[in-house]
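Contents: one structure, followed by commentary.
Letters A, B, ... mirror the listed sequences (proteins, then strands); counts begin at 1.
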Amino acid sequence: VLACNICVDGFCKQGKVEAAERIFMIMKRIGVRPDIVTCTALINGYCSIGDMEQARNIFDILLNSGLKPDIVCYTSLMNGYCKQGRFDEVLHLFTRIRAQGLERNIVLYSIMLHALFREGRCEEGLNLFKEMEALKLYPDMITYSILLDGLCSARRIAEAFAVLQTMEDKGMVPDLVIYTTLIKGLCEDNRVQEAEDLLHELPSKGLEPNVITYTIIIGALCGEGKIDEAKDLMDRMVNKGCLPNSVTYKVFVGCLLRMNMMHEAILVSEEMVSMGITLD
RNA sequence: UGAGGAAUGCCUAC
């Protein structure tokens, strides 16, 4: 089983879910019973390609084979539904976990938090967050990033920064995802200058912005029509050893096209191709 | 051996 599980999970993580499914079939045929780990890996694979029907199928197979799904299995399926915006299913599974008396953990609550914010149910999200402390489920870096992203998406930037302060007071060291989320929040609130200021503060915190961080700000500058500044930032990121990727170019070229700057768009596209990047 | 976080958005309309 162990070897098979490693294979199934490996294929799933490469997006080759059909290959994983074949191993699943072979396991059954040669009399190796798939266990919870096999099924969870496969569920996760189907979730990652957005095939919730198959994911649910595997979950049902697991139930019918008399095995009890554990918290990892549930959260895997919940996360899939969350990504598809199926809040109803997420909530349903959440209540089922409670009913089953399964031990709830930080991952479960983080996913639930994510689902609530995605639904725009901020107040409920904040309540859940408070509830976590009471249950002694202490938020970790990922929980905080979900919370911050939720607040930022709701344009509650001030609250997001207050949460950042709380983190620091607790002695946590916010990571790059946390700061990138805040930078995105500032950008979406049309505070690109402040976003850039924060970008420049990162090295002093021991963090180097990555291609995602830069791309967010480049996109925001483009959105304000500040093409030159965007181009400037692209040059600066390269100087810092961070290469633009296909998303960066897509954002930038897309903006040039929208502004009818065909000539520039072609030039940048050529530069991109010369770097071996293509857009789909 | 299995689960959670950031960019190319999403919706709506044309």
Side-chain angles (χ1 to χ4, degrees), chain A residues 1-13 20 23-24 34-48 55 58-59 62 67 69-85 90 93 97 102 104-115 117-120 132 137 139-153 160 174-188 195 207 209-223 237 242 244-255 277 279-280:
Chain A
V1 219
L2 185 71
C4 291
N5 287 350
I6 293 172
C7 277
V8 169
D9 186 47
F11 278 124
C12 284
K13 293 222 157 75
I23 296 187
F24 186 68
D35 61 8
I36 309 183
V37 176
T38 329
C39 292
T40 306
L42 205 48
I43 286 170
N44 223 16
Y46 279 119
C47 287
S48 68
I58 303 293
F59 189 79
L62 182 65
L67 293 169
D70 63 7
I71 188 70
V72 177
C73 195
Y74 271 107
T75 49
S76 179
L77 189 62
M78 283 174 77
N79 191 44
Y81 279 125
C82 178
K83 295 234 155 96
Q84 296 291 315
V90 176
L93 289 166
I97 289 168
L102 280 175
R104 292 166 287 172
N105 64 17
I106 188 69
V107 176
L108 172 68
Y109 273 80
S110 296
I111 293 172
M112 198 60 218
L113 195 65
H114 199 179
F117 278 117
R118 270 192 63 123
E119 279 287 297
M132 290 170 63
L137 292 175
D140 60 14
M141 201 67 84
I142 296 183
T143 319
Y144 273 112
S145 77
I146 292 169
L147 176 63
L148 290 178
D149 190 46
L151 288 171
C152 286
S153 302
D175 67 9
L176 183 59
V177 176
I178 296 285
Y179 283 109
T180 301
T181 302
L182 289 167
I183 284 173
K184 186 183 62 145
L186 288 169
C187 287
E188 284 168 355
L207 295 170
N210 66 12
V211 62
I212 298 182
T213 321
Y214 282 114
T215 302
I216 289 169
I217 300 186
I218 288 169
L221 288 169
C222 284
M237 71 188 272
C242 180
N245 64 14
S246 64
V247 177
T248 319
Y249 278 109
K250 205 160 160 179
V251 168
F252 193 55
V253 175
C255 171
I277 299 174
L279 295 186
D280 20 48

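Closest to the side chain of Ile216(A), out of rG4(B), rU8(B), rA6(B), is rA6(B). Of the candidates rU1(B), rA6(B), rG4(B), rG4(B) carries the atom nearest the Ile111(A) side chain, counting heavy atoms from C-beta on. In the set rA6(B), rG4(B), rU1(B), rG4(B) carries the atom at the smallest distance from any side-chain atom of Lys83(A). In this structure, the nucleotide among rA3(B), rU8(B), rU1(B) sitting nearest to the side chain of Val107(A) is rA3(B).
Per the geometry, CD1 belonging to Ile212(A) stands 11 Å off C1' belonging to rU8(B), to the nearest Å. As rounded to whole Å, 18 Å separates atom P of rG2(B) from atom CG of Leu77(A). Atom-to-atom, NZ of Lys184(A) to C1' of rC10(B) comes out at 11 Å; the value is rounded to the nearest Å. In this entry the distance linking CD1 of Ile146(A) with C1' of rG5(B) reads 5 Å, nearest Å. Summarising the geometry, the separation between CD1 on Ile106(A) and P on rA3(B) is reported as 17 Å, rounded to the nearest angstrom. Rounded to whole Å, atom P of rU8(B) lies 14 Å from atom CG of Asn210(A). One interatomic measurement links the two molecules: CD1 of Ile178(A) to P of rA6(B), which rounds to 11 Å at whole-angstrom precision. The interatomic distance linking Ile36(A) (CD1) with rG2(B) (P) rounds to 14 Å, in whole Å.
Scanning all heavy atoms of the two residues, the minimum distance from Thr75(A) to Leu108(A) falls at CG2-CA, 3.7 Å. Contact detail for Lys184(A) and Ile216(A): the closest heavy-atom pair is CA-CG2, 3.7 Å.
Taking the side chain to side chain contact (heavy atoms under 4.5 Å, CB included) definition, one finds that Ala20(A) meets it with Val8(A), Phe11(A), Cys12(A), Leu42(A), sequence neighbours left out. Ala220(A) meets the side chain to side chain contact (heavy atoms under 4.5 Å, CB included) test with Cys187(A), Val192(A); sequence neighbours excluded.
For the C1' atoms, the distance from rU1(B) to rG5(B) is 24 Å, rounded to whole Å. The same atom, C1', is picked in rA3(B) and in rA7(B); the two are 24 Å apart, to the nearest Å. The separation of rA6(B) from rG2(B), taken at their C1' atoms, amounts to 24 Å, rounded to a whole angstrom. Straight-line distance between the C1' atoms of rU8(B) and rG4(B): roughly 23 Å, to the nearest whole Å.
Donor-acceptor pairing under 3.5 Å is lacking for the side chains of Ser76(A) and Thr40(A). For the residue pair Ser145(A)/Thr181(A), the side-chain donor-acceptor check at 3.5 Å is not satisfied.
When the side-chain nitrogen and oxygen atoms of Lys13(A) are compared with OP1 and OP2 of rU1(B), none of them lie within a distance under 4.0 Å. Taking only side-chain nitrogens and oxygens, Asn44(A) comes nearer than 4.0 Å to OP1 or OP2 of rA3(B).
The residue Met78(A) sits apart from the nucleic acid: no heavy atom pair falls under 4.0 Å. Looking at heavy-atom distances under 4.0 Å, Cys82(A) makes no contact with the nucleic acid at all. Residue-level contact check: Asp35(A) touches neither bases nor backbone, having no heavy atom under 4.0 Å from any strand. Within the nucleic acid shown, Thr75(A) comes within 4.0 Å of at least one base atom, counting heavy atoms only.
Asp70(A) contributes a side-chain N or O that forms a donor-acceptor pair with the base of rG2(B) under 3.5 Å. For Thr143(A) and rG4(B), a side-chain-to-base donor-acceptor distance below 3.5 Å is present, hydrogens and geometry of angles not being considered.
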